[in-house]
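Take a look at the structure below.
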There are 2 protein chains.
Amino acid sequence: MAEDGTSKTATHIDVPDQVNEGVTTCQLREVLDRVGDKWSVLIMALLGSGPRRYSELRRSIDGISQRMLTLTLRSLERDGLVIRTVTPTTPPRVDYELTPVGLTLSREVSSLIRWADEHREYISVSRRSYDAG
Amino acid sequence: MAEDGTSKTATHIDVPDQVNEGVTTCQLREVLDRVGDKWSVLIMALLGSGPRRYSELRRSIDGISQRMLTLTLRSLERDGLVIRTVTPTTPPRVDYELTPVGLTLSREVSSLIRWADEHREYISVSRRSYDAG
DNA sequence: CGGTATCCTCATAGATACTG
DNA sequence: CAGTATCTATGAGGATACCG
């Protein structure tokens with residue numbers, strides 16, 4: 001992949017080795033910023049287990065403001081990861097669901113959340129230890 | 001896991017379903033913020049393929065400032081994800097390597113980077129399409 | 001119900017200069 | 001080489017109010 005000769009001591013992953021290749025880093029940033037914001041991961045994980053109404057998402061995600069929920073959903077929609085469906089009843093109803101590609105990202109972030117869940121105690125202990133010594 | 005009865009239409013993932021359970025969300029935030037910052041993912045991915053010197057990381061990660069590199073590395077060290085080894089020669093030499101737990105996170109973020117790499121074109125097209133229509 | 005529109009704040013991170 | 005110390009600003013995100 002990396003046509004660069006400096007292949008260091010690559011042990012186990014096939015990530016682009018030179019993250020500074022210009023194209024790679026910049027394009028990567030665009031996408032990592034998508035998943036790096038405060039709410040996308042949680043929203044994607046929730047939608048991973050089925051479509052949700054706007055109000056359901058709002059209630060499910062503790063601490064999110066209406067503004068950020070809308071902004072994040074719009075951004076995910078723009079990236080082709082979720083589909084927004086408006087049912088023009090009164091009062092209106094809006095459902096959000098993952099696209100096929102969105103589903104694959106959802107699986108990734110769910111895996112990450114699982115990791116976080118499994119290691120939060122370890123991290124917590126590490127922090128206390130570090131802050132002490 | 002979630003002892004709550006409202007198990008909605010869970011289809012395929014085993015993520016904590018109620019992300020607003022207080023404990024879950026807060027603890028999750030702590031850890032997600034770790035991986036959600038601008039540079040951690042890239043650093044973890046790089047260290048995933050072996051130890052690196054400070055200067056190597058600096059050169060490998062395009063656009064990172066000395067300040068942010070140090071801050072991020074310290075934070076990762078504090079969380080028990082990387083180990084910092086100082087060799088007090090002149091000039092000094094400092095190596096960073098993953099802990100066993102760090103390695104597992106590295107695998108997660110590498111997977112995420114792979115996803116980003118595979119779907120950046122799709123996302124790019126989606127954005128243009130959204131911005132047009 | 002499902003949003004916009006504003007305003008405002010505070011943390012993240014860049015630039016620059018200095019040091020053991 | 002591998003940092004630390006400031007100083008600054010930019011923008012992500014919260015609070016609040018209003019709208020179709």
Side-chain angles (χ1 to χ4, degrees), chain A residues 19-20 25-26 28-44 46-47 51-79 82-97 127 130, chain B residues 19-20 25-26 28-44 46-47 51-79 82-97 127 130:
Chain A
V19 218
N20 62 338
T25 309
C26 296
L28 219 56
R29 256 267 95 49
E30 280 185 63
V31 187
L32 287 183
D33 284 349
R34 146 107 329 285
V35 85
D37 68 57
K38 195 170 181 183
W39 304 109
S40 292
V41 166
L42 292 176
I43 291 177
M44 291 301 292
L46 272 170
L47 291 180
R52 294 281 190 283
R53 293 186 61 169
Y54 182 87
S55 49
E56 286 182 299
L57 290 171
R58 196 150 131 74
R59 269 178 283 108
S60 295
I61 303 171
D62 186 55
I64 196 168
S65 63
Q66 211 165 1
R67 173 189 144 85
M68 287 317 296
L69 179 55
T70 302
L71 248 53
T72 307
L73 285 169
R74 286 285 191 283
S75 186
L76 292 169
E77 189 194 6
R78 177 171 181 257
D79 288 356
V82 310
I83 295 172
R84 179 172 177 271
T85 310
V86 185
T87 312
T89 54
T90 44
R93 174 199 176 103
V94 182
D95 290 272
Y96 293 90
E97 64 184 318
R127 285 181 184 173
Y130 185 93
Chain B
V19 219
N20 63 338
T25 309
C26 295
L28 218 56
R29 256 268 131 325
E30 280 185 62
V31 187
L32 287 184
D33 284 349
R34 146 105 330 286
V35 85
D37 69 56
K38 194 169 180 182
W39 302 110
S40 292
V41 166
L42 291 176
I43 291 177
M44 291 302 290
L46 272 169
L47 291 179
R52 295 281 191 282
R53 294 187 59 171
Y54 182 86
S55 49
E56 286 182 297
L57 291 171
R58 195 150 131 75
R59 268 178 283 107
S60 295
I61 303 169
D62 187 56
I64 196 170
S65 65
Q66 211 164 1
R67 173 189 144 85
M68 287 317 296
L69 179 56
T70 302
L71 248 54
T72 308
L73 285 169
R74 285 286 192 282
S75 186
L76 292 169
E77 189 194 5
R78 177 170 180 259
D79 288 355
V82 310
I83 295 171
R84 177 172 177 270
T85 311
V86 184
T87 313
T89 53
T90 44
R93 175 199 176 103
V94 182
D95 289 271
Y96 292 90
E97 65 184 315
R127 286 181 184 174
Y130 185 94

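Keep in mind that what you see is a predicted model, and the values were worked out from it rather than measured. Every chain is numbered from 1, with letters handed out A, B, ... down the list of sequences.
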Starting from [atom2] on [N], measure out to [atom1] on [X] and report it in whole angstrom.
X: B:Lys38; N: C:dT12; atom1: NZ; atom2: P; answer: 13 Å
X: B:Arg67; N: C:dT12; atom1: CZ; atom2: P; answer: 10 Å
X: A:Asp95; N: C:dG3; atom1: CG; atom2: P; answer: 10 Å
X: A:Arg84; N: C:dC1; atom1: CZ; atom2: C1'; answer: 12 Å
X: A:Glu77; N: C:dG3; atom1: CD; atom2: C1'; answer: 13 Å
X: B:Leu73; N: D:dA2; atom1: CG; atom2: C1'; answer: 11 Å
X: B:Arg34; N: C:dT12; atom1: CZ; atom2: P; answer: 11 Å
X: A:Met68; N: C:dG3; atom1: CE; atom2: P; answer: 15 Å

Side chains of [X] and [Y]: does their closest heavy-atom pair fall under 4.5 Å?
X: B:Ile43; Y: B:Leu69; result: yes
X: B:Lys38; Y: A:Leu32; result: no
X: B:Leu42; Y: A:Leu28; result: yes

| task | Looking only at side-chain atoms of A:Gln66, point me to the closest of D:dG14, C:dG3, D:dG3. | result | C:dG3

| said: Side chain of A:Thr70 only, heavy atoms from C-beta on: which candidate in C:dT4, D:dC1, D:dG3 is closest? | reply: C:dT4

| Set of salt bridge (Lys or Arg N to Asp or Glu O under 4.0 Å) partners for A:Arg58, sequence neighbours left out |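 None.
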
| message | Holding to side chain to side chain donor-acceptor pair (under 3.5 Å), I want the full list of residues that pass it with A:Arg93, two or more places apart in sequence or in another chain. | response |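 Partners of A:Arg93 under the side chain to side chain donor-acceptor pair (under 3.5 Å) test: A:Asp95.
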
| What bend angle does the helix from C:dC1-D:dG20 to C:dG20-D:dC1 show across its length, from five-pair end axes and to the nearest 10 degrees? | 60°

| request: Look at all strands and tell whether B:Arg58 reaches a base, only sugar-phosphate, or nothing, counting heavy atoms closer than 4.0 Å. | output: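 Touches nothing.
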
| task | Work out which heavy atom in B:Val41 is nearest to a heavy atom in B:Val35; give both atom names and the distance. | result |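 Nearest pair, atom of B:Val41 first, then B:Val35: CG2-O, 3.3 Å.
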
| Which heavy-atom pair separates B:Tyr96 from B:Arg84 by the least distance, and what is that distance? |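 It is OH-NE, 3.3 Å.
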
Would you say [X] places a side-chain N or O within less than 4.0 Å of OP1 or OP2 belonging to [N]?
X: A:Ser65; N: D:dG13; answer: no
X: A:Ser55; N: C:dG2; answer: yes
X: A:Arg53; N: C:dG2; answer: yes
X: B:Tyr54; N: D:dT4; answer: no

